[in-house]
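Encoded as structure tokens, the structure appears first; notes follow it.
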Amino acid sequence: MATLEKDADGFYTPAPATAASAPESKEDSKPKDEGVPPADAASTDLIDSTFEVNVTLADQQLDPNSPLYSAKSFEELGLHADLLKGIYDMGFSKPSKIQERALPLLLSNPPTNMIGQSQSGTGKTAAFVLTMLSRVDFSVNKTQALCLAPSRELARQIMSVVVAMGKFTAVQTEYAIKDNLPRNATKVTAHIVVGTPGTMTDLLRRKVIDSSGIKVFVLDEADNMLDQDGLGDQTLRVKNLLPRSTPPVQIILFSATFPDHVRSFANKFAPNANKIELQRNELSVDSIRQFYMDCRNEEHKYDILVSLYGLLTIGQSIIFCQHRHTADRISQRMTAEGHKVASLHGAKDAAERDSIIDSFREGREKVLITTNVIARGIDILQVNMVVNYDLPLMNEREKGGDERPDIETYVHRIGRTGRFGRKGISINFVHDRKTWLQMEQIEKALGKKIIRIETNNIDEMEEKMKKALK
Ligand SMILES: Nc1ncnc2c1ncn2[C@@H]1O[C@H](COP(=O)(O)OP(=O)(O)OP(=O)(O)O)[C@@H](O)[C@H]1O
């Protein structure tokens with residue numbers, strides 16, 4: 001087992017470990033911390049809670065090393081007065097770093113493509129939503145901006161930002177997500193359409209959306225949207241249905257991650273783009289403390305999750321599993337044992353998915369057990385804990401039998417907490433040598449320590465976690 005070192009904050013953390021030091025016996029360390037729990041009292045509403053974020057995080061926005069820092073005000077970014085009103089109405093007082101850097105490039109003329117990267121929860125959505133709203137001519141009843149996201153949950157969330165930021169404009173919006181428009185719908189004239197690639201392709205092909213006036217095409221979670229093993233083909237189909245106009249459609253790609261194998265395709269997809277990039281060791285934000293727990297076996301993972309229930313419900317928590325059936329099995333078992341949990345995955349139908357995420361967003365459920373379907377983009381400020389019940393692995397086609405960890409998905413999963421400078425915790429469950437080594441690869445790739453916590457001392461575990469949230 002890896003030896004432990006104490007870090008600057010008094011946390012014990014594994015020294016850089018070698019394969020030979022992977023766990024055989026699992027119970028060997030006793031980290032000691034003191035701390036008092038500050039339950040995150042954020043409002044459950046996406047927009048309302050932003051005001052509080054601005055107040056409590058003002059200091060971080062003044063720190064030049066923070067991804068939330070900016071030297072400029074929103075006024076200096078060249079936005080229309082109606083949009084400034086929308087931004088202030090949402091409670092934003094200052095741009096974040098990505099907003100400050102990206103917006104002048106995105107809004108300049110002639111329009112230039114953008115490949116923009118910034119950590120989870122640092123305000124990329126506002127940057128591309130403001131661009132779409134800025135480019136729309138509200139006096140023309142035609143679709144002028146398209147935005148694609150990998151899940152209906154994220155598309156709906158992006159739309160909520162479009163509507164909030166566009167509150168003082170005449171913007172009209174429409175979804176391109178499954179089961180939203182009636183099958184016999186013939187014409188969409190909304191200025192901005194947000195959706196998922198399959199439905200968007202269908203609406204463009206059937207000319208329900210007239211593409212002739214489209215000026216902006218945004219891919220949120222762009223590395224995922226362009227990945228040949230994921231949504232790449234479908235996204236390309238949408239692009240091929242866009243007009244070959246002059247000036248060309250402005251293509252905007254945003255994500256917290258752009259792995260090398262996608263970057264070259266991104267460069268072709270958005271030629272001559274302005275680029276804002278992160279280094280590998282900058283991918284995750286420091287406000288998320290990363291932990292792991294050595295479980296004895298699969299069944300012990302379940303026991304530990306149950307023993308964590310009190311902690312999971314201090315704020316809200318998301319539990320990630322690799323497979324739908326695991327998410328269902330755990331949630332059914334926990335529910336039968338009297339715990340209140342919800343489960344969400346891609347096999348549920350559209351209406352059910354909407355009601356589950358809405359209910360979680362409103363704080364009616366505090367624990368959501370899910371799969372990678374909501375690993376990306378989902379912004380619920382009061383989520384202060386993420387559990388990787390199963391570590392994310394590369395998908396079957398890619399993994400080549402060696403079950404490599406999926407570093408990008410890990411970054412996105414833990415990024416569901418620690419939004420816009422808030423404190424958050426992630427906990428990885430490992431239960432054998434293989435999973436321990438997978439976690440070690442994640443730790444090395446990201447250059448951030450993952451701290452061991454004991455599984456057999458709940459009080460100590462609580463203290464440690466509560467301190468991390470302080
Ligand atoms: N300038 C700002 N001031 C205050 N809050 C902001 C600002 N910009 C964004 N936020 C808030 O920060 C939170 C995170 O923003 P957002 O969802 O855009 O992050 P993101 O970078 O797109 O994250 P992800 O990579 O997970 O998709 C949201 O709740 C948003 O309302």
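We count ligands from 1, going down the list as the structure has it; atoms in each ligand are counted the same way.
Taking 4.0 Å as the cut-off, R416 counts as a neighbour of ligand 1 on heavy-atom distance. In this structure, E221 is part of the shell of residues with a heavy atom less than 4.0 angstrom from ligand 1. Proximity of F74 to ligand 1 is established by a heavy-atom distance of less than 4.0 Å. In this structure, G121 counts as a contact residue of ligand 1, since one of its heavy atoms falls inside 4.0 Å of the ligand.
For a threshold of 3.5 Å applied to N or O pairs, the pair formed by S93 and ligand 1 contains no separation below that value. Backbone and side-chain nitrogen or oxygen atoms of S118 are examined, and none is located within less than 3.5 angstrom of a nitrogen or oxygen of ligand 1. Polar contact with ligand 1: present for T122 (N/O pair, distance under 3.5 Å). For D220, no nitrogen or oxygen atom sits less than 3.5 Å from a nitrogen or oxygen atom of ligand 1, counting backbone and side chain alike. At a 3.5 angstrom cut-off on N or O pairs, A256 does not count as close to ligand 1.
Those atoms of ligand 1 with a heavy atom of Q119 less than 4.0 angstrom away are 21 (O). The atoms of ligand 1 that sit less than 4.0 Å from any heavy atom of L381 are 29 (O). For ligand 1, the atoms lying closer than 4.0 Å to a non-hydrogen atom of K94 are 1 (N), 2 (C), 3 (N). In the vicinity of T125, heavy-atom distances shorter than 4.0 Å reach the ligand 1 atoms 16 (P), 17 (O), 18 (O), 22 (O).
The existence of a salt bridge linking R353 and E153 is confirmed by a sub-4.0 Å separation between a basic side-chain nitrogen and an acidic carboxylate oxygen. With respect to the salt-bridge test (charged N to carboxylate O, under 4.0 angstrom), the residues D220 and R376 do not qualify. Of the charged side-chain nitrogens involved, at least one lies within less than 4.0 Å of a carboxylate oxygen, so that K340 and E365 count as a salt-bridged pair. Classification of K301 and D390 as a salt-bridged pair holds, one side-chain N sitting under 4.0 Å from a carboxylate O. For E277 and R263, the salt-bridge test passes: some basic side-chain N is under 4.0 Å from an acidic carboxylate O.
Using the six-membered ring where Trp is involved, F420 and F92 have ring planes that are parallel, under 30° apart on the 30 and 60° scheme. In this pair, H191 and F138 present their aromatic rings perpendicular. The plane angle is above 60°, beyond the 30 to 60° band.
None of R152, R156, R364 except one satisfies the salt bridge (charged side-chain N to carboxylate O under 4.0 Å, His left out) rule with D358; the exception is R156.
With a 4.0 Å cut-off on non-hydrogen atoms, K124 touches ligand 1 through its backbone as well as its side chain. For M90, no heavy-atom contact with ligand 1 is shorter than 4.0 Å.
Side-chain contact of S120 with H412: a donor-acceptor pair under 3.5 Å is absent, judged by distance alone.
Both the sub-6.0 Å distance and the 45° axial angle are satisfied by K239 relative to the ring of F269.
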